[in-house]
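Data block below; observations after.
Here the structure is a predicted model, which is why all the values come from computation and not from measurement.
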Amino acid sequence: GGLRAWGSLTGLPYALDESAEQMDAAQLRIALDDEHCVALVLKPTLVGGIESAVGLAALARHKRLILTSAFESGVAHAHVAMLAAAIGAPHDAHGLSTYDRLAEDTLLPPFASLVKADLLEVESAQQALDRTAEHWWSHSLDLSSVEP
């Protein structure tokens, strides 16, 4: 493919990103075997969710794995952050900065308030997810305005 040829021609390293989403497993294995391919960048919400992202990450276990977000709410950002903590390298910068483009957030408290000096503690993300689920669950069960 194009990246493989580019890597061979220039000798420069590259990362697979959204281009990997269009590959089947065999094509992805070939791309990841290229010596110039140094990382796989995944957006879990765009590759089919956490389970799919974990499957793709398993194929790339000999490469750096960078997890990133698209323009999702803080709920998705919290899940991507926890996934990065579970399967990503601890010192890699995972791409979660799209949260600062949100005017509002459904996560309680908003994802932006959980980030301190570009770092996020997984425990605070889990607590926010729990608080958010509890809030929305209690609002969905409010039947006081429903007539019999």
Side-chain angles (χ1 to χ4, degrees), residues 1-140:
L3 286 174
R4 193 176 182 102
W6 183 80
S8 294
L9 178 69
T10 65
L12 295 173
Y14 65 86
L16 287 176
D17 56 6
E18 284 82 11
S19 58
E21 295 170 22
Q22 282 73 44
M23 297 179 188
D24 62 30
Q27 292 170 319
L28 184 56
R29 280 189 194 94
I30 291 168
L32 289 168
D33 283 341
D34 181 10
E35 66 180 313
H36 298 101
C37 176
V38 297
L40 176 62
V41 180
L42 290 176
K43 288 180 172 58
T45 56
L46 299 182
V47 298
I50 291 174
E51 187 175 348
S52 295
V54 169
L56 291 170
L59 293 174
R61 65 183 165 275
H62 58 291
K63 304 290 182 179
R64 287 178 63 202
L65 177 67
I66 306 297
L67 293 154
T68 66
S69 60
F71 288 98
E72 307 96 350
S73 74
V75 172
H77 275 81
H79 282 101
V80 173
M82 291 190 303
L83 183 61
I87 66 174
H91 300 293
D92 281 338
H94 298 279
L96 299 171
S97 65
T98 57
Y99 71 86
D100 61 6
R101 307 279 194 272
L102 300 175
E104 295 182 42
D105 196 351
T106 55
L107 190 68
L108 302 171
F111 190 84
S113 71
L114 303 177
V115 179
K116 308 290 185 224
D118 291 333
L119 298 174
L120 173 78
E121 290 190 23
V122 172
E123 185 176 342
S124 65
Q126 183 61 60
Q127 290 170 350
L129 285 169
D130 292 344
R131 188 174 306 121
T132 302
E134 202 171 274
H135 170 81
W136 292 109
W137 177 252
S138 68
H139 279 73
S140 70

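No more than 12 heavy atoms of other residues, nucleotides or ligands lie within 6.0 Å of CG in D118, so this atom counts as exposed by the packing criterion. Residue-environment remark: CD (E134) stays at or below the threshold of 12 foreign heavy atoms within 6.0 Å. Surrounding CD of Q22 are more than 12 heavy atoms belonging to other residues, nucleotides or ligands, all under 6.0 Å away.
Smallest separation of non-hydrogen atoms from E21 and V47: CG-CG1, 3.5 Å. Between L32 and L16, the shortest heavy-atom contact is CD2-CD1, 3.9 Å. When every heavy atom of S69 is checked against every heavy atom of K43, the shortest pair comes out as O-CE, 3.5 Å. Closest approach of C37 to A31, counting heavy atoms only: CB-O, 3.6 Å. Here the closest heavy-atom approach between residue L120 and residue S124 is recorded as CD1-OG, 4.0 Å. Here the closest heavy-atom approach between residue A57 and residue L42 is recorded as N-CD1, 4.2 Å.
Here the straight-line distance linking atom CD of Q127 with atom CZ of R131 works out to 6.5 Å at 0.5 Å rounding. For the atom pair T45 OG1 and L67 CG, the distance stands at 10.5 Å (nearest 0.5 Å). Within the model, atoms CE of M23 and CG of L56 stand 11.0 Å from one another, a figure rounded to the nearest 0.5 Å. Rounded to the nearest 0.5 angstrom, L108 CG and L129 CG are separated by 10.0 Å.
Using a 4.5 Å heavy-atom threshold, the side chains of E35 and S8 count as separate. The shortest side-chain heavy-atom distance between I50 and H79 falls under the 4.5 Å cut-off. At least one side-chain heavy atom of L59 sits less than 4.5 Å from a side-chain heavy atom of R29. Between L28 and D24 there is no side-chain heavy-atom pair separated by less than 4.5 Å. Proximity of I66 to L40: side-chain heavy atoms (C-beta onward) are nowhere separated by under 4.5 Å.
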Could you walk me through whether Y99 and E72 satisfy the side chain to side chain contact (heavy atoms under 4.5 Å, CB included) test, starting with their C-alpha distance in whole Å, then the side-chain angles of each, then the deciding distance to 0.1 Å, before giving a yes or no? CA-CA 7 Å; Y99 71 86; E72 307 96 350; over 6 Å; no
Side chain to side chain contact (heavy atoms under 4.5 Å, CB included) assessment of V80 paired with T68: CA-CA 7 Å; V80 173; T68 66; over 6 Å; no
L83 vs V54, side chain to side chain contact (heavy atoms under 4.5 Å, CB included): CA-CA, chis, key distance, verdict: CA-CA 9 Å; L83 183 61; V54 169; 3.8 Å; yes
Checking L107 against L114 for the side chain to side chain contact (heavy atoms under 4.5 Å, CB included) test, could you report, in this order, the C-alpha distance in whole Å, the side-chain angles of both residues, the deciding distance, and whether it holds? CA-CA 10 Å; L107 190 68; L114 303 177; 3.9 Å; yes
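Side-chain atoms of D105 come within 3.5 Å of backbone N or O of G74 as a donor-acceptor pair. R61 places a side-chain N or O within 3.5 Å of a backbone atom of A58 that can act as its donor or acceptor partner.
The side-chain hydrogen bond (donor to acceptor under 3.5 Å, both in side chains) test applied to E121 returns no partner, not counting sequence neighbours.
Aromatic ring centres of H77 and F111 lie closer together than 6.0 Å.
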